[in-house]
Amino acid sequence: MRPLHAAAAVLTILAIAAAIVVGGRALPHGENDRVAALAQAGMAAQSEASATAAIPRPEAATPEAHSRAVDPEVVAPPQLQAEELERVEPRAPLSDLALAAPPRPPKTKMPDDWNGTKLFQPVALAAGVIEANGYSVAVSGIDIVGQDETCTDDGKSWTCGTRARTAFRAFLRGRAVVCTVPPEGGRDLIAAECRVGNQDVGQWLIENGWARAANGGPYVEAGEKARTARKGIFGPAPSLSGLPPAPAPVAATSQPILDPSETTATPPADQPAPSE
């Protein structure tokens, strides 16, 4: 049965092919070209549609919602005539706290050579008084302790001025002092702020008790702490127990001084006497 079925299928295919050939010949030549052009256009449209089908279409932007209606015709506020405007006085402030503070006077900037002049090899004349490079500077904000001043503790007096000057000289150690002094020095004593490195000289003197804080100055609180702690001039006299004893004074000799005219020179034994 299978060979018969195969032969029947082949005959059917041949019959269909013959019918197509006959039908194609029956169409006119121009009609055949038109049908072919329509077929090609359909295939191109189908390919373009398949190519653009995967591209998502952009969504239409929705307009933003406004909180109030705006007239698109009005682009500026209506113009008013000058005579329609009226100037009124400002209302009174609700309280004194609303009032603005008076303007502060502008700070006068000092020149570079004024703010921070270096004084090399300073000499301490007293605790808080410096001489260097033709300047005589008194550290501001303190009451200087004179070198001849004496202090009393438990009824005993001691030379606190000399001790304060010695401590100040040990603090300086010949280092450069930066003071706010004018460009050129003079013979007058100048009160100025001074620093050694990052250390405020006046602060160091007050904190260690080698000077008194000036009334209304910046070191009042530090001066009270030094007084309470009995530092420097506010404390007792320094102990001298660790120092060696002072040498005994040399007594004067009571031997008479010989008259040079009464003495006779005796020649050495190994030398002959001078000839007459």
Side-chain angles (χ1 to χ4, degrees), residues 100-239:
R104 296 181 179 179
K107 294 183 178 180
T108 303
K109 185 178 179 180
M110 296 182 178
D112 295 338
D113 52 0
W114 174 282
N115 188 9
T117 301
K118 289 185 177 181
L119 306 180
F120 298 98
Q121 297 181 353
V123 178
L125 302 182
V129 180
I130 303 171
E131 278 192 358
N133 302 107
Y135 291 88
S136 181
V137 183
V139 179
S140 61
I142 68 173
D143 290 338
I144 300 170
V145 179
Q147 62 175 350
D148 55 349
E149 184 173 343
T150 58
C151 299
T152 304
D153 181 72
D154 292 337
K156 297 180 180 180
S157 298
W158 60 287
T159 56
C160 57
T162 304
R163 181 68 181 88
R165 183 187 62 179
T166 303
F168 188 45
R169 287 180 175 177
F171 168 74
L172 293 177
R173 297 196 307 274
R175 296 181 293 175
V177 182
V178 180
C179 300
T180 54
V181 293
E184 296 181 359
R187 292 179 296 178
D188 297 334
L189 186 64
I190 304 173
E193 298 179 359
C194 297
R195 305 182 71 88
V196 174
N198 295 328
Q199 177 67 56
D200 187 350
V201 175
Q203 186 78 20
W204 183 87
L205 288 169
I206 297 299
E207 287 181 350
N208 291 274
W210 299 122
R212 301 179 182 88
N215 295 330
Y219 312 122
V220 175
E221 184 177 356
E224 293 297 331
K225 292 181 179 180
R227 186 184 296 272
T228 303
R230 292 175 56 81
K231 293 183 177 181
I233 62 175
F234 307 109
S239 176

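The first residue in the sequence is number 1, and the count goes up from there. Predicted model, so just to flag it, every value in this text is computed and none were measured.
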Using distance only, find each side-chain donor-acceptor pair of residues 157-166 under 3.5 Å and give its atom names and separation, not counting sequence neighbours.
{"unit_1": "T162", "atom_1": "OG1", "unit_2": "Q147", "atom_2": "O", "d": "3.0"}
{"unit_1": "R165", "atom_1": "NH1", "unit_2": "Q147", "atom_2": "OE1", "d": "2.3"}
{"unit_1": "T166", "atom_1": "OG1", "unit_2": "T162", "atom_2": "O", "d": "2.9"}

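Take V196 and apply the side chain to side chain contact (heavy atoms under 4.5 Å, CB included) test, not counting sequence neighbours, and it matches F171, L172, R175, V177, V201. When the salt bridge (charged side-chain N to carboxylate O under 4.0 Å, His left out) test is applied to R212, the partners found at least two apart in sequence or on another chain are E149. Scored by the side chain to side chain donor-acceptor pair (under 3.5 Å) test, E131 finds no partners at all (sequence neighbours excluded). With sequence neighbours left out, the salt bridge (charged side-chain N to carboxylate O under 4.0 Å, His left out) criterion links R230 to D153. Taking K118 as the reference, F120, V178 meet the side chain to side chain contact (heavy atoms under 4.5 Å, CB included) condition, with sequence neighbours excluded. For D200, the side chain to side chain donor-acceptor pair (under 3.5 Å) partners two or more places apart in sequence, or in a different chain, are Y219. Residues that satisfy the side chain to side chain contact (heavy atoms under 4.5 Å, CB included) test with A138, not counting sequence neighbours, are I144, L189.
Sorted by first and then second residue, the disulfide (SG to SG under 2.5 Å) pairs involving residues 201-232 (not counting sequence neighbours) form an empty list. The disulfide (SG to SG under 2.5 Å) contacts involving residues 201-234 comprise nothing, where partners must be two or more places apart or lie in separate chains.
Of all the heavy atoms in Q203 and A222, the pair that sits closest is NE2-CB, 3.9 Å. When all heavy atoms of L119 and P122 are compared, the closest pair comes out as O-CD, 4.0 Å. The two atoms that bring R195 and N198 nearest to each other are NH2-O, 2.7 Å, heavy atoms only.
To the nearest 0.5 Å, atom CD1 of residue I206 and atom CZ of residue R227 are 10.0 Å apart. For the atom pair NZ (K225) and CZ (F234), the distance works out to 14.5 Å, reported to the nearest 0.5 Å. Distance CD1/I190 to CD1/I130: 12.0 Å, rounded to 0.5 Å. Here the straight-line distance linking atom NZ of K156 with atom OG1 of T150 works out to 15.5 Å at 0.5 Å rounding.
More than 12 heavy atoms of other residues, nucleotides or ligands lie within 6.0 Å of CD in Q199, so this atom counts as buried by the packing criterion.
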